[in-house]
There are 2 protein chains.
Amino acid sequence: MNALLTYFQHFQVLNKEYQDQLLAISKLQHLKKNEILQPIGHTCKTIYFVQKGIARIFYYKDGIDITECFAAENHIIARVESLFTQRPSQKGIQIIEAAEIIAINATQLFALYDQYPAIERLFRKIFEQGYVETVNRLESLQFYNAEERYLNLLHEMPDLLQRVPLKYIASYLGITQVSLSRIRSSIK
Amino acid sequence: MNALLTYFQHFQVLNKEYQDQLLAISKLQHLKKNEILQPIGHTCKTIYFVQKGIARIFYYKDGIDITECFAAENHIIARVESLFTQRPSQKGIQIIEAAEIIAINATQLFALYDQYPAIERLFRKIFEQGYVETVNRLESLQFYNAEERYLNLLHEMPDLLQRVPLKYIASYLGITQVSLSRIRSSIK
DNA sequence: GTGATTATTTATCAATTGTTAAAGGATGCC
DNA sequence: GGCATCCTTTAACAATTGATAAATAATCAC
């Protein structure tokens, strides 16, 4: 689970004790393509770190499957609207590409916050970064049209297209699959 | 500045020492309509609490004025993408309705984090709430059409329409002013 | 491999939103 | 009060996106 510690150290230096405490509440899971890591309706009690593979947060709107976000290698994925409120989430987490996921027990993590302010600070910084990324994405949805958003995504995650079915990407961009297909053909 | 302390206590109980430390880095400002509280280009070093009136975060895209968000009474407003990274912001803050604003010095606040973990926790919780609100807004932009978004806004902030020019609301919803005007007339 | 299932593209038409310009209202300054 | 400025609406047309259906391509299970 070195990748996780490296990820953490990117935010903040952690001594051995902190590292041990964090590893003690973390568990490596191997998951196959299409597996549901967290079903819709559960309250989020786990923060996931993607060591390998790709996962997505999804939900249903009028029966249609919507992808809220993707997480590839070296990214955290969690349904924060449930994690921070401890209310049931209307969203689930699914594996899109066979994955190695480190599951961090949130209940135990929050207990560590009381004991180790440095760990609370670490996760404050991690989620502040997530917050900033969400604000940037909001801006993209607010003021770029579908083609611009598609090109931006291509630029930010060039390998995503090779690894993720287009149907997931369409809803992520806030458009239909047919519309994405049209945009793709107009670009060539 | 009781409104600020009440706001804080909504997240977490604070003893007298914490309260005093927080008040010591906070300053009440009176601002007129249309005043620029923070100009575009500056790095965010202040977190604002709106005690009275309304403020907005704005920026320019292709020379067009865009409203990213509004903050009315009892809300925090800050350009988090600059606050958390300490890089210059491409966004500014403007007063839309004559306001009483409490300016919290972020540099001093971050210093308090080191001294008082409880204060760091307080602001962790405040920004976690902001994060959740941003995720919800992302969802709204991703999967509701302009009319639905307008009606949702009407529901969430019924008095906003009476207090804020429509031109600001249009860009907040991610549409043009003409389009908003059309939607409004089709609803009546 | 073969057939079944799933994913993607293409086509057509409808609905929504953008663009530009002009007209009507409201507001503020002197 | 009157003029200038700013805000909002309306209109006409263009561009974008959605909805539905069908065709093609890719993938998976056996």
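In what follows, every chain begins at residue 1, and chains take the letters A, B, ... in the order their sequences are listed.
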Tell me whether B/Lys61 forms a cation-pi arrangement with A/Tyr144, defined as NZ or CZ under 6.0 Å from the six-membered ring centre and within 45 degrees of its axis. yes
Separation of D/dC6 atom P from B/Asp65 atom CG, nearest Å, is 14 Å
Among the nucleotides D/dC28, D/dT17, C/dT8, whichever has the atom closest to the side chain of A/Lys33 is D/dC28
Whole-Å distance, A/Arg182 CZ to C/dT8 P, equals 16 Å
Here the distance between atom P of C/dT16 and atom CG of B/Leu141, to the nearest Å, is 18 Å
Assign each of B/Val178 and A/Ser179 the nucleotide of DNA chain D bearing its closest heavy atom; nearer the 5' end lies the nucleotide of B/Val178
5'-most contact on DNA chain D (nearest-nucleotide basis), A/Glu147 vs B/Gln177, goes to B/Gln177
Rounded to whole Å, the CG-C1' distance (B/Leu180 to C/dG18) equals 14 Å
Atom CG of A/Leu173 and atom C1' of D/dG18 are separated, to the nearest Å, by 15 Å
Walk me through it: do B/Arg137 and B/Glu133 pass the test salt bridge (Lys or Arg N to Asp or Glu O under 4.0 Å)?
-> CA-CA 6 Å; B/Arg137 195 157 154 233; B/Glu133 283 164 14; over 6 Å; no
Q. Is any side-chain nitrogen or oxygen of B/Thr176 closer than 4.0 Å to OP1 or OP2 of C/dG18?
A. yes
Side-chain contact check for B/Ile175: nearest option of C/dT17, C/dA7, D/dT8 is C/dT17
Taken to the nearest whole Å, CD/A/Gln162 to P/C/dA7 is 18 Å
Contact under 4.0 Å: B/Arg184 side-chain N or O vs D/dT9 OP1/OP2:
yes
Please determine if A/Lys91 forms a cation-pi arrangement with A/Tyr59, meaning its NZ or CZ atom is less than 6.0 Å from the six-membered ring centre and no more than 45° off the ring axis. yes
Regarding the side chain of B/Ala146, the nearest nucleotide among C/dT17, C/dA7, D/dT8 is C/dT17
Worksheet entry | Any A/Ser181 side-chain N or O less than 4.0 Å from OP1/OP2 of C/dT8 | no
Whole-Å distance, A/Tyr150 OH to C/dT8 C1', equals 12 Å
Atom CG of A/Asn145 and atom P of D/dA15 are separated, to the nearest Å, by 14 Å
Under 6.0 Å between ring centres, would you say that holds for B/Phe84 and B/Phe127?
yes
Heavy-atom nearest pair, B/Ala103 first then B/Tyr48, reads CB-CE2, 3.7 Å
